[in-house]
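Below: the structure, in structure tokens.
Every chain is numbered from 1, with letters handed out A, B, ... down the list of sequences.
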Number of protein chains: 2
Amino acid sequence: MNVFIAGLGLIGGSLALALRDRGLADEILGLERNEERAAEALRLGLADRIVTFDEGVAAADLTVLATPVDTLPLLAVKALNRVGKRQTVIDTGSTKGELCEVIAMHAARGRFVAVHPMWGTEHSGPQAARRDAFAGRNVVLCETERSDADAVALVEGLFRALDMPILRMGAEEHDLHAAYVSHISHVTSFALANTVLEKEREEARIFELAGGGFESTVRLAKSEAATWVPILLRNKYNVLDVLREHIHQLQLMRRMIERDDAEGLRETILRANTIRRILP
Amino acid sequence: MNVFIAGLGLIGGSLALALRDRGLADEILGLERNEERAAEALRLGLADRIVTFDEGVAAADLTVLATPVDTLPLLAVKALNRVGKRQTVIDTGSTKGELCEVIAMHAARGRFVAVHPMWGTEHSGPQAARRDAFAGRNVVLCETERSDADAVALVEGLFRALDMPILRMGAEEHDLHAAYVSHISHVTSFALANTVLEKEREEARIFELAGGGFESTVRLAKSEAATWVPILLRNKYNVLDVLREHIHQLQLMRRMIERDDAEGLRETILRANTIRRILP
């Protein structure tokens, strides 16, 4: 199978490494507009050669769109405009609603499978690609009822070979859930980093005390704007919903601290502790 | 050196293991009011025997107070009431202002050294104690100018032997910094866990998508109420300051998302990215 990956960064690059390791791709063609990144991707073995978008789609059995989510709807349409009946196109984006809506009535809609592998780190670019990225992580397929059976079978076989449990859900359901368990974590990390950086202007020594807890809550604040601005805006209404609820929860705790309400804080923390049930 | 550790949980227990591993203690006496925890601490080798507070302080060259911060000021006074000129008392608490104020005029103030080892996890109790807890982590000593030189020398020697870089600062400075780089991370994690748990009541499948990012920002939400309610209330004004700023930062991002302000979000994220400078 020949694979074309548009975007050889964190996700596209890691997928290239995984496909190679499992012997799932004969040739990997890559698209990377930034010349430096393209050279680095070749050096790291993420692609055999760099091609144009049209060349890649034409030559590939499987096209993978792994670019920022704001570029996905148009790239998906352009790819579908060019594929034949035995070629398949997937994306790896973190939001699905707009993408699925844009391609809904495309004559070649059946050749597309909307995919979200649930893995990521705060790093970006070809050098962020990791061999051990996907195994054991869930992968979500959205609206598979609109995809051709053979395209879904190809994609499921591929992710099964990467040891990824497969979940199916609607695009809207996906976007809502992603807002709660991924997008909000990034918003809080960005805001937390800026909270502390703001204070650092007065208190130069503030980071001397930074320990493990701070590192883990603020880690995602290193994530790239080019990736995250489009995700937050494309998933706007879900992100705003969860953000409003989160600010409300913080205001409740703030009022309890103001009133020395030890019992209220205790109950709040005990409730939060039940997250152990989900993340043991 | 005989050591008495009041509170054989996460911090006291880990310190016991570290002292044993480096051969720094002849005998370790422990206090643990909860019988089950006491038995577990003995089984795990965190203490040679369980004693009363008075017995422990009397027998020990070094008394370590490793109990929740709301209990520390009175325990510190009681310990200082009982120590002689060659005995030393330290605490390991996460807030220092009230403690240092309460003992400020005690006749034996010089025998006390206020200590905060900058390490912790979301776990608690004797079984949470870890051998590798402290090496490489900072330890803060507060108001050492009020401690006797030999007591400070003993404590510095001990933490140097544990490979912990030593920082000195005032109690007020410590509490402000701890609010920014530790206490706020716990507040945001508790609030984030409750935000998502709240939504889960409508959407049972929400955690199927939880990936690495969510896990790391919500990890601290597993932390114990008995530890954290006192910390948040004893460091109330600093915690409220940082919480207000954090809510403000979240509201700024919320407004940018509402207005599709991609440029504002980009700048916000780029500013947050500069946290790399501090946490590479």
Side-chain angles (χ1 to χ4, degrees), chain A residues 118-120 167 177-178 180-182 185 187-196 198-199 206-211 213-222 225 228-229 232-233 236 239-240 242-243 245-247 249-250 253-254 257 260 262 265-266 268-273 275-276 278-279, chain B residues 118-120 167 177-178 180-182 185 187-196 198-199 206-211 213-222 225 228-229 232-233 236 239-240 242-243 245-247 249-250 253-254 257 260 262 265-266 268-273 275-276 278-279:
Chain A
M118 299 306 299
W119 176 84
L167 305 174
H177 290 202
Y180 274 84
V181 295
S182 164
S185 290
V187 174
T188 60
S189 263
F190 292 133
L192 187 57
N194 283 331
T195 299
V196 182
E198 195 61 34
K199 190 66 181 180
I206 207 153
F207 287 106
E208 286 180 354
L209 298 201
F214 182 70
E215 274 174 50
S216 78
T217 47
V218 94
R219 178 172 67 80
L220 299 176
K222 303 172 185 172
W228 281 94
V229 172
L232 299 180
L233 293 181
K236 175 172 171 169
V239 170
L240 285 174
V242 55
L243 192 44
E245 174 66 27
H246 182 57
I247 290 172
Q249 293 287 340
L250 287 170
M253 291 189 74
R254 174 174 143 186
I257 296 170
D260 295 302
L265 282 173
R266 207 179 77 87
T268 302
I269 292 176
L270 289 178
R271 198 162 357 104
N273 286 166
I275 202 80
R276 284 178 189 275
I278 289 98
L279 305 171
Chain B
M118 299 306 298
W119 176 84
L167 305 174
H177 290 201
Y180 275 84
V181 295
S182 165
S185 290
V187 174
T188 61
S189 264
F190 293 132
L192 188 57
N194 283 331
T195 299
V196 182
E198 195 61 35
K199 191 66 180 179
I206 206 152
F207 287 107
E208 286 181 353
L209 298 200
F214 182 69
E215 274 173 48
S216 79
T217 47
V218 93
R219 178 173 67 79
L220 299 177
K222 302 173 187 172
W228 283 94
V229 172
L232 299 180
L233 292 181
K236 174 171 172 170
V239 169
L240 285 174
V242 55
L243 191 45
E245 175 66 28
H246 182 57
I247 290 172
Q249 292 289 340
L250 287 169
M253 291 190 74
R254 173 174 145 186
I257 295 170
D260 294 302
L265 281 173
R266 207 180 76 86
T268 302
I269 292 176
L270 289 178
R271 199 162 356 104
N273 287 166
I275 202 80
R276 284 178 190 275
I278 288 99
L279 305 172

Item to check | Derivation and outcome, side chain to side chain contact (heavy atoms under 4.5 Å, CB included), residues B:F207 and A:I275 | outcome: CA-CA 10 Å; B:F207 287 107; A:I275 202 80; 3.9 Å; yes

Checklist outcome for this item: Cut-off 4.5 Å, heavy atoms of chain A, and the answer for B:I278 is side chain

Next on the checklist: Within this structure, what is the CD1-CD distance for the pair A:I247 and B:Q249, rounded to the nearest 0.5 Å?
Outcome noted: 11.5 Å

Checklist outcome for this item: When every non-hydrogen atom of B:A221 is compared with those of A:N273, the smallest separation belongs to O-ND2, 2.8 Å

Checklist outcome for this item: Ranked by heavy-atom pairs below 4.5 Å to chain B, first place among A:R219, A:M118, A:K222, A:E245 goes to A:K222

Checklist entry - Where does B:L240 contact chain A at under 4.5 Å (heavy atoms): side chain, backbone, both or neither? => result side chain

Next on the checklist: Restricting to non-hydrogen atoms, name the atom on B:T217 and the atom on A:S185 that form the minimum distance, rounded to 0.1 Å.
Outcome noted: OG1-OG, 2.8 Å

Next on the checklist: At a heavy-atom distance under 4.5 Å, which candidate from B:T268, B:L209, B:L265 has the highest pair count against chain A?
Outcome noted: B:L209

Item to check | Donor-acceptor under 3.5 Å (A:D260 side chain, B:L233 main chain) | outcome: no

Next on the checklist: Which atoms of A:T188 are under 4.5 Å from chain B, going by heavy atoms: the side chain, the backbone, both sets, or neither?
Outcome noted: both

Next on the checklist: Using only atom types and a distance under 3.5 Å, with no angle test, would you say the side chain of B:R271 pairs donor to acceptor with the backbone of A:N194?
Outcome noted: no

Item to check | Under 4.5 Å from a heavy atom of chain B, the part of A:E198 involved | outcome: side chain

Checklist entry - Which region of B:L250, side chain (C-beta onward) or backbone (N, CA, C, O), has a non-hydrogen atom less than 4.5 Å from a non-hydrogen atom of chain A, or is it both or neither? => result both

Checklist outcome for this item: Under 4.5 Å to a heavy atom of chain B? For A:V242 that would be both

Checklist entry - Any idea which of B:A193, B:G120, B:A225, B:S216 has the most non-hydrogen atom pairs under 4.5 angstrom with chain A? => result B:S216

Next on the checklist: Taking side chain as everything from C-beta outward and backbone as N, CA, C, O, which of these in A:L243 sits under 4.5 Å from a heavy atom of chain B? Side chain, backbone, both or neither.
Outcome noted: side chain

Item to check | Under 4.5 Å from any heavy atom of chain A - which part of B:I257 | outcome: both

Item to check | Where A:I269 and B:W228 come nearest, the two heavy atoms and their spacing | outcome: CD1-CB, 4.0 Å

Checklist entry - Side chain, backbone, both or neither: which part of A:L220 has a non-hydrogen atom closer than 4.5 Å to chain B? => result side chain

Checklist entry - Given that the side chain runs from C-beta out, which part of A:R266 has a heavy atom under 4.5 Å from chain B: side chain, backbone, both or neither? => result both

Item to check | Atom pair OG1/OH of A:T195 and B:Y180 - distance to nearest 0.5 Å | outcome: 8.0 Å

Checklist entry - Which of the residues A:L192, A:V196, A:V187 is involved in the greatest number of heavy-atom pairs with chain B at under 4.5 angstrom? => result A:L192

